[in-house]
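Just so we're clear, the structure is a prediction, and the values are computed from it rather than from any experiment.
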Amino acid sequence: METFEDHYDSMLKALNKYMPGADIALIEKAVRYAADQHQDQKRKDGSPYIIHPLAVAEIVAEIGLDTDAILAAILHDCIEDTSSTFDEIAKEFGLVVAELVEGVTKLTRVEYSTLEEQQMENLRKMFMAMSKDIRVILIKIADRLHNTRTMQYQTPKKQISKSMETMDIYAPLAHRLGMQKIKWELEDTSLRYLDPEGYNKIMAYLEEHDEESTAFMRSIQTKITTRLSAVGIHGSIYGRVKHVYSIYRKMRDQNKTLDELYDLYAFRVIVDSIPDCYNVLGHVHDLFHLVPGRFKDYISTPKPNMYQSLHTTVIGTEGIPFEVQIRTWDMHQTAEYGIAAHWKYKQGGDGDGDEKSFEWVRRLLESQQDTDAEDYVQSLKIDMFNDEVFVFTPRGNVINLPAGSTPIDFAYAIHSGVGNAMVGAKINNRIANFDTVLHNGDIVEILTSRSAKGPSRDWLSICKSNQARTKIKQWFKKERREENVIHGKTSFDAELRRSGFNPAILHDDELLPMLLKKLSFECLDDMYAAIGYGGLTSTKAVGRIRDDLLRYTRGIQNPTAGGRDGSPLRAAPSTTLNRHSVNGVIVEDIDSCMIKFARCCTPVPGDSIVGFITKGYGVSVHRQDCPNAQNRADPKYASRWVPVHWAQEDDQPFTTTVELDCITRSGLLMDVATVLTSVRVRVKELSGRDMPGGHSSFTITFDVKNIQELNLVVTKLLNIRDVVGARRGQG
């Protein structure tokens, strides 16, 4: 079992090595204070709890932070897990330390309705704190790193949930901060619990091939060292096998086995200056064969996390590809420790840091406004932690965006005013569609107009970045409230009906205040507006109050009747005979609205049908087997599909389309026309064309009264010689 003395000595060694000027007396005072506060608490392995804060402080020392950060690391669990208070810590160790501890403290004492909501609030608080002082997140990452190192003592369920959270949030965050060394350890350790079989398989393979890997890396290292010595370039060269999770991802992404995977090795060349980096690159390409398309210059165009290096992939005489990374010593420090290597307080500054380096933190805080918790957490992973694409403005300025971004993302990354006034885009001086995916090196120009009507709702599904999506929603929230209320009410009422509730339930004076409180809105129009501009989906809104609606409707029913469904607030069964129809169709729960029949599938009475609420054109009626009606489960469109029924009206004609497959022969068109005349249907259009292989196709558009009449016509057509098939038109 680990002991207090072991961890205390280890922490002091790290302080002496990485922070020789640290205030040891104050740090010892903090250790005594934390040990006293945690004295009755134990770790899962039975060791004293104080071991964890000491281990976190050691990690914080290794990444080179200052005395205040060490003190906060030692005290980071005191407010959360003990009776210690913010004021008490501020009095004993200073306001800065207390604010750091408060920033790290999770919101575990507040109840939330969903896990996503709690996770969002924790992230929100963390980002708020790190926007003031980046040390908050550095301490938090150190805390998570030690917890992953001791994950073996947790239950299997906890191991999986914590490892998933680490993969989703903390490893990408370490990457975003440029802390590659910690990121790799977080990923490898998490993979051990998320896919132990895959992890162990890779480890066994690496151990089995350790000798040949070592020999290969030694030979490459010798070649590069010899060449650089010969040309007078001083540098440090070493090779390594890529990390387990990196190999795991390559296997999954490329669908290859370990034996088929060759790109397993990486070499680093660290030199004194930037000119030396480019000189080394030339010598590496002279020694080995370059793999086309695998060279990246992150020195002239650094990554957003400040990472700089030259990357190239080459193939040696053994036929094995490997990567070479070339950087200076300063770049290496940044690559290992990321943002910590550039933080001002390392040089005795006041801790304000480089504001431009943390602009993405401000964007994170902006994007959380008016955003549903689950959407925020999901979009956060996409927006901040995915691979980036680097594109240029016409003036040559570099804009970095999430991979898969479009001109819409680019426009809003420049300024919300540019995005709102956008009417077109040029990529590499050619007009491009709004949904064109941008690639590294593209030069993008946004075309704007003062008369632009603003963004379209469709842009929300086209753009990739959370920044663009948030700004579009904010525009709709500000400029289109009345439209949002109407759109949101239609969507919410449709979702209520689909869940079995009559929208009239919202007029109940006893129930409505409770529902609004649950949904965190002051009035119904505010909720409708939020749904209208995309801040909340109707599916989630109804989901949050479904249990309350069920309890309420059951409560107002007669309890002696065994819960019979007599409540006027439950959606009544469809009574199509008593409802007013439009064009022979009844829309459930809507007494009268504009109806049109979809041209893609031309439904007729007797077909199973469904309605789609269009924007400004009423309800479009589709056959249920229509390809365009197969997206009914898609959350983006689910609220716009409504139940519809045929009315019992037999004298109204409906237009439909039938396509015939035939063997080509003369006189066939005359035979088709004769049959159509004999069944006395009104033909609106008849066209035909020859197909390859001696076949022909006829498309016939005509009026029928119902499905029975349509089936009769199709049967007659199929009886024509050389007509081999018939099908309903599908657009």
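- Across Thr67 and Ala22, no two heavy atoms sit closer than the pair OG1-CA, 3.6 Å.
- Side-chain contact of Ser47 with Asp45: a donor-acceptor pair under 3.5 Å is present, judged by distance alone.
- Listed by first then second residue, pairs satisfying ring pair (Phe, Tyr, Trp, His ring centres under 6.0 Å) with a partner in residues 83-103 read Tyr33-Phe93, not counting sequence neighbours.
- Here the side chains of Pro53 and Leu75 are not in contact, with every heavy-atom distance at 4.5 Å or above.
- Between atom CD1 of residue Ile545 and atom CG of residue Asp547 there is a gap of 10.5 Å, rounded to the nearest 0.5 Å.
- If you take CG on Leu100 and CG on Leu71, they are separated by 9.5 Å, rounding to the nearest 0.5 Å.
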Derivation and outcome, side-chain hydrogen bond (donor to acceptor under 3.5 Å, both in side chains), residues Gln159 and Tyr153: CA-CA 9 Å; Gln159 288 172 346; Tyr153 301 111; over 6 Å; no
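- Under the 3.5 Å distance criterion, the side-chain polar atoms of Asp36 are left unmatched by any main-chain donor or acceptor of Arg32.
- Residues Ile63 and Ile182 approach most closely at CG2-CD1, 4.0 Å, considering heavy atoms.
- Residue Ala142 comes nearest to Val60 through the heavy atom pair CB-CG2, 3.8 Å, listed as atom of the first residue, atom of the second, then distance.
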Lys473/Leu460 under side chain to side chain contact (heavy atoms under 4.5 Å, CB included): CA gap, chis, key distance, verdict: CA-CA 8 Å; Lys473 289 178 181 178; Leu460 291 170; 3.9 Å; yes
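- Residue Leu95 holds its CG atom at 10.5 Å from CG of Asp68, rounded to the nearest 0.5 Å.
- Heavy-atom minimum distance, Ala174 versus Leu186: CB-CD1, 4.4 Å.
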Side chain to side chain contact (heavy atoms under 4.5 Å, CB included) evaluation trace for His332 with Gln308: CA-CA 8 Å; His332 181 64; Gln308 288 183 284; over 6 Å; no
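- Using a 4.0 Å cut-off between charged side-chain N and carboxylate O, Asp66 and Arg135 make a salt bridge.
- Taking the side chain as every heavy atom from C-beta outward, Leu15 and Ile24 approach each other to under 4.5 Å.
- Counted by atom type alone, Asp77 and His38 present zero donor-acceptor pairs between their side chains at under 3.5 Å.
- Within a 6.0 Å sphere centred on NZ of Lys250, heavy atoms belonging to other residues, nucleotides or ligands number more than 12.
- Arg327 and Gln325 share a donor-acceptor pair across their side chains, judged by distance under 3.5 Å alone.
- Looking at heavy atoms from C-beta onward, Ile531 lies out of side-chain contact with Thr537 at the 4.5 angstrom threshold.
- Atom OG1 of Thr82 sits about 4.0 Å away from atom CD of Gln37, to the nearest 0.5 Å.
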Intermediate values then yes/no, side-chain hydrogen bond (donor to acceptor under 3.5 Å, both in side chains), Asp188 and Tyr199: CA-CA 8 Å; Asp188 286 359; Tyr199 177 87; over 6 Å; no
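- Using a cut-off of 4.0 Å between Lys/Arg side-chain N and Asp/Glu carboxylate O, Glu187 and Arg249 are scored as not salt-bridged.
- The shortest heavy-atom contact between Ala171 and Lys183 is O-CG, 3.5 Å.
- For CE of Met164, the number of neighbouring non-hydrogen atoms (other residues, nucleotides, ligands) closer than 6.0 Å is 12 at most.
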Side chain to side chain contact (heavy atoms under 4.5 Å, CB included) evaluation trace for Glu28 with Tyr8: CA-CA 10 Å; Glu28 289 178 345; Tyr8 183 69; 2.9 Å; yes
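- Between Lys42 and Ile51, every side-chain heavy-atom pair lies at or beyond the 4.5 Å cut-off.
- Between the side chains of Thr189 and Arg149, no donor N or O sits under 3.5 Å from an acceptor N or O.
- Atom CD1 of Ile59 sits about 11.5 Å away from atom CG of Leu65, to the nearest 0.5 Å.
- At least one side-chain heavy atom of Met11 sits less than 4.5 Å from a side-chain heavy atom of Ile27.
- Between the side chain of Ser10 and the main chain of Asp6, no donor-acceptor pair closer than 3.5 Å is present.
- Side chain of Thr301 to main chain of Tyr298: no donor-acceptor pair is present (N/O by atom type, distance under 3.5 Å, no hydrogens or angles).
- Of the N and O atoms on the side chains of Tyr18 and Glu58, not one donor lies less than 3.5 Å from an acceptor on the other residue.
- Taking each heavy atom of Ala73 and Ile139 in turn, the nearest pair found is CA-CG2, 4.0 Å.
- At least one donor-acceptor pair closer than 3.5 Å links the side chain of Asp409 to the backbone N or O of Ser465.
- Formation of a donor-acceptor pair under 3.5 Å by the Lys162 side chain with backbone atoms of Met151 is not found in this model.
- Under the 6.0 Å distance and 45° angle rule, Arg240 counts as a cation-pi partner of Trp184.
- Side-chain contact between Thr470 and Ile472 is absent, with no heavy-atom pair separated by less than 4.5 Å.
- Proximity of a side-chain donor or acceptor of Asn200 to a complementary backbone N or O of Pro196 within less than 3.5 Å is detected.
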Intermediate values then yes/no, side chain to side chain contact (heavy atoms under 4.5 Å, CB included), Val418 and Tyr412: CA-CA 6 Å; Val418 175; Tyr412 280 101; over 6 Å; no
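- Under the 4.5 Å side-chain criterion, counting only non-hydrogen atoms from C-beta, Ile299 is in contact with Cys277.
- Going from atom NZ of Lys471 over to atom CZ of Arg469 covers 13.5 Å, rounded to the nearest 0.5 Å.
- A donor-acceptor pair shorter than 3.5 Å cannot be found between the side chains of Tyr49 and Asp40.
- Looking at Tyr248 and His243, their side chains never come closer than 4.5 Å, going by heavy atoms from C-beta outward.
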